[in-house]
Amino acid sequence: MEKGKGVMGSCRRWAVDFSDNSTAPSSRDIPDPPGFTRASVDQDDSAVSRQKKDAESNWKAQKAWEVAQSPFKNLLMMGFMMWMAGSTVHLFSIGITFSALWQPISALQGVGKVFEPYKDNKVDLLGPKLLFIALNLGGLALGVWKLNTLGLLPTHASDWVSSLPPAQEVEYSGGGVPL
Amino acid sequence: MAIRSFFVPFLLFALCFYSSLTPVLSLYEDQVGLMDWHQQYIGKVKQAVFSTQKTGRRRVIVSTEENVIASLDLRHGEIFWRHLLGSDDVIDGIDIGLGKYVITLSSGGSVLRSWNIPDGQMVWESFLQGPKHSKSLLLVPTNLKIEKDNVIVVFSNGRLHAVSCIDGEVLWNKDFEAESFEAQQVIQPPGSDLIYVIGFAASSQFEMYQINARNGELLKHERATFSSGFLREVSLVSSETVVALDSTGSILLTISFQNGEISFQQTPISNLVEDPSGPAAILPSSVPGIFAIKTNAFTIFIRVIGEGKLEVVEKTNHETTVSNALPISEGQQAFALVQHAGSEIHLAVKISHDWDGNLLKESIKMDQQRGLVHKVFINNYIRTDKSHGFRVLIVMEDHSLLLLQQGAIVWSREDGLASIIDVTASGLPVERDGVSVAKVEHNLFEWLKGHMLKLKGTLMLASPQDVAAIQSMRLKSSEKSKMTRDHNGFRKLLVVLTRAGKLFALHTGDGRIVWSHFLQSLHKSGTCQSPIGLNLYQWQVPHHHAMDENPSVLVISRCGPCSDAPAVLSFVDTYTGKELNSLSLVHGVVQVIPLPYTDSTEQRLHLLIDSDKHAHLYPTTSEALRIFKREFSNIYWYSVEDHNGIIKGHALKCKCTGEVADEFCFDTRDLWSVVFPSESEKIIATVTRKLNEVVHTQAKVVADQDVMYKYISRNLLFVATVAPKGSGEIGSVTPEESWLVAYLIDTVTGRILHRVTHHGAQGPVHAVFSENWVVYHYFNLRAHRYEMSVIEIYDQSRADNKDVWKLVLGKHNLTSPISLFSRPEVITKSQSYFFTHSVKAIAVTSTAKGITSKQLLIGTIGDQVLALDKRFLDPRRSVNPTQAEKEEGIIPLTDSLPIIPQSYVTHALRVEGLRGIVTVPAKLESTTLVFAHGVDLFFTQLAPSKTYDSLTEDFSYALLLLTIVALVAAIFVTWRLSERKELQDKWR
């Protein structure tokens, strides 16, 4: 995910575009290296652009899959952390569990954003998206499972009856030892 | 974890207080007196002697009906020292020996002790045995010496003893073998070596023994018979003359035994006064030459003028009390006479041979709420002009003690509070304009100053003066003694009924008496000769819609000790102490049953059962009757007849079939009875749940998220029986002969839900019942130790409510009303633990919602109150609790209950003569108010699970404020810094 962001990030100081094929050297700050002629690149424009687009969409699809798989590593790390945290309730285990719940939820909320850079009408993002969602749901399930092992899920009868008031009795009897 | 909840903050807090195993009750030294107060009393004074020591502070030594001997400061009425003797060691007489020792005779005349007056240390103690039980008389002659030893003469247990005043050694003794001889007086004429013992034998024989005081030798024994017999009381009019009444109470007998010769003089009372109106009785007095008799209408003072001639000096129909005689100069004795006249009392001090002349005559305005003067003790002092001044100690009908001097009340002590018989709590008025009584103006500056001081204390910057100022500020906090209701419900009125029949309202903040009221119905009157206050009930507790009404209490009293004596109901407003209404009933009262129903003005319905088993409904309004009729078939009552071992259940039947139509009277019929076999079981204790106890939940979550359903019923009765042989003293039987059986009985159906036998156990049993458990304390003869057992009762028929979905959707019948006639399936869990102390009283903390965990409050034999977590008395404790059980808070099993010194609620204080512990819930869920009473009173606030719902009293708001200000400033500064940095970055 970070890698994708790094490349496609919009705010950058400078960049060298190697696929730049403009013939006017004056448009650049850097002079062409000696022995490099721009004329040699002059080929069939349309063929080149198609080729380039293909390469780009391939690359985008590849990246999308990579991004889609990235929660898997997180999942493993989370699992390890949870194992480390143990099953008693204390600050650390609660923190771990809640971050394990929060991460997938926030990731799921931003599914569209994550895959935005790879949006292309040629690239099919459904597959990566589904994988991404599935993996995050897996993470969420892991978090919920952890919550349950900590005993914080109301899955037992005891969670629902613990504040039930005592039943009213119909009859009333008083008395005792004579005064 | 015991609490499975997805509410995390709650869980975290739960963790905090469950993780610490040791109770969290302990108090810091500077917290003493913040929440608690302690008051010391002595009880109704029986006898008082003035210490006439020339040096040191003036004091009066008193013995009281609460069995206290105490030395009081004559100037302020404070207690210098005080000793409470055991209940089987009743004080018979006190006197002063050698001017510096107090001599007490107690235990039916068998224990004689000497106490040092300045500090109350016991100097010596001697045991006086004798052949038979008899009246005990103590005489400390001023100048009788045997070989330089001052002598104390004691008649007790049918034997006359002469005891050395120095070391308590018995110098000689003399038995009075005659079977029926009853000594009435021991007389030692001053200046002689003779002792006279006079008394009656059979019913009509007067006997006189003359004894040599040096060696106990019998010098003379005379007897004389008077055919119509004697009343047992005699009055000594001179060292050789007594006055007695004949058995009809109509003839006065002047008996003189000069020179060992007995002679009678008879004077019919009708000769002295025209209309004697009924039999007379002699008032005990010791004034030479004068005695007093009392008939129904009059008090008559009679002077003896030589040779048995009698002369009436005064006849009065005012209530009159005479003091002891006080020798003021050679041959002159003074005495005080107190008479009531309206709202004033007239005090006259006279010299014994001169009735008409008064040494002193004063009128003192007396509070009507104190009743009549019961006892008067006189003391004198020499004024600067060498004349005699007198001070008088008077004991009033409400047991209070007052010192009168120079026509004014110098001090008064409310010693009626030493004998509280019932306690109830009442709220205070809501703060409104004109309601608040206490002045609590403190301005902002004062407030800030206080908090700055506290802050200094927190930051350890305070100087010693500051620390002292902080402490006094905390102790004198005007907040806690305000006369209005507070948000947390800490400020309440404790309404107490004393044995004297007086109602007091004590403020929980500082223990002061807000009002006191001597009930009109408890005054002695023509229709009601010996009224007894019985109980106190909350009659009206207005809340919600009846907010404008004042709360009131119901005082039940009875004319006379037997159960069919007519009862009197009094209704007293708890805000003002005014008696709203008083009803003299035609029927008696043996039981009072507060019903769980109230009418539209929040008056609680009460059912009074008379000795003929008729039930009477109060209040007698049509609305109450309507409510009662609606629930008619659901109301039952039970009676415990402990003398014949039967518990009976009754139901209401129909209207009374008496001659007078009374629609508030109902007949009852017997439903069931539990008969304990009289040869093997005797009822010694019964206990039920408190009617006003609130239970938060019916479920108990145990380890592994399992649920147990508590069997919570208002109609459970715990009964303890012992073998009749084992009902005596501890250790009087062998373990094989003694057993204790504990029962849990449903009082509606009579069903015995549980029964357990403790072999080799013996009473006395002290028990407390709360929620679904009962804890009881008894003696284990086999282990030679005290034991405490717990029984918890669970409803098994609800246990299969395990389907989560049904519970989520509410498709269960756990909260629907149940009838006790459907057979409950219960299981019980029980466990016994050793406990070191013997116990005087047990109570349990009660909170507003019943969420907070419970503590047992145990009144120990050392007159302290110990708080013990209920968790120590959990029947599920095991030697090796599992991990889940540990998390639940189960403590590993130990054979005895721990006594943690820090968990004494009374810390360093003692509640002398502890009789009862009362807990009242505060409005704040975590806190409960505890009131322990005996001869002393003690009040404190307890938080069994710490004050989790409020900040502690010493929380520094100033520090909090300072922190917030500092944080805001820091945020502002860092924000400005970051702004500047960003700007610089942009310019780069």
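Because the structure is a prediction, the values reported are computed rather than measured. Residue numbers begin at 1 in each chain, while the letters A, B, ... track the order of the sequences.
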(message) Only heavy atoms, only distances under 4.5 angstrom. Which residues in residues 172-179 of chain A are near chain B?
(response) A:Tyr172, A:Ser173, A:Gly174, A:Gly175, A:Gly176, A:Val177, A:Pro178, A:Leu179
(request) Kindly give the heavy-atom pair with the smallest separation between B:Arg714 and A:Glu169, and that separation in Å. (result) N-OE1, 3.0 Å
Distance-only criterion, 3.5 Å: show the donor-acceptor pairs between side-chain atoms of residues 683-702 of chain B and protein atoms not counting sequence neighbours.
from	atom 1	to	atom 2	distance (Å)
B:Arg689	NE	B:Glu693	OE1	2.8
B:Arg689	NH1	B:Ser713	O	3.4
B:Arg689	NH2	B:Glu693	OE1	3.4
B:Lys690	NZ	B:Thr919	O	3.2
B:Lys690	NZ	B:Thr919	OG1	3.4
B:Glu693	OE1	B:Glu771	N	3.1
B:Glu693	OE2	B:Ser770	OG	2.4
B:Thr697	OG1	A:Ser162	O	3.0
B:Thr697	OG1	A:Leu164	O	3.3
B:Thr697	OG1	B:Ala699	N	3.0
B:Gln698	OE1	B:Arg798	NH1	2.5
B:Gln698	NE2	A:Pro165	O	2.9
B:Gln698	NE2	B:Leu814	O	3.0

(message) Donor-acceptor check, side chain of A:Gln168 to backbone of B:Ile818, threshold 3.5 angstrom: yes or no?
(response) no
(message) Taking CZ in B:Phe632 as the centre, count heavy atoms belonging to other residues, nucleotides or ligands within less than 6.0 Å. Is the count above 12?
(response) yes
(message) Which atoms of B:Tyr709 are under 4.5 Å from chain A, going by heavy atoms: the side chain, the backbone, both sets, or neither?
(response) side chain
(request) Inspect the surroundings of CD in A:Gln51 and state if more than 12 heavy atoms from other residues, nucleotides or ligands are less than 6.0 Å away. (result) no
(message) Counting heavy-atom pairs under 4.5 Å with chain A, which one of B:Val589, B:Asn715, B:Val707 comes out on top?
(response) B:Asn715
(message) Among residues at least two apart in sequence or on other chains, which ones pass ring-ring contact (aromatic ring centres under 6.0 Å, His included) with B:Tyr537?
(response) B:His606
Please list every donor-acceptor pair under 3.5 Å in which a side-chain atom of residues 100-109 of chain A meets a protein atom from a residue at least two apart or in another chain.
from	atom 1	to	atom 2	distance (Å)
A:Ser106	OG	A:Trp102	O	3.3
A:Ser106	OG	A:Gln103	O	2.9

(message) Quick check against the 3.5 Å criterion: does A:Glu171 have a side-chain atom that pairs as donor or acceptor with the backbone of B:Val748?
(response) no
(request) Would you name the heavy atoms of A:Ala167 and B:Ser816 that are closest together and state the gap between them? (result) CB-O, 3.6 Å
(request) Could you check which of B:Val592, B:Leu534, B:Asp746, B:Val590 has the highest count of heavy-atom pairs closer than 4.5 Å to chain A? (result) B:Val590
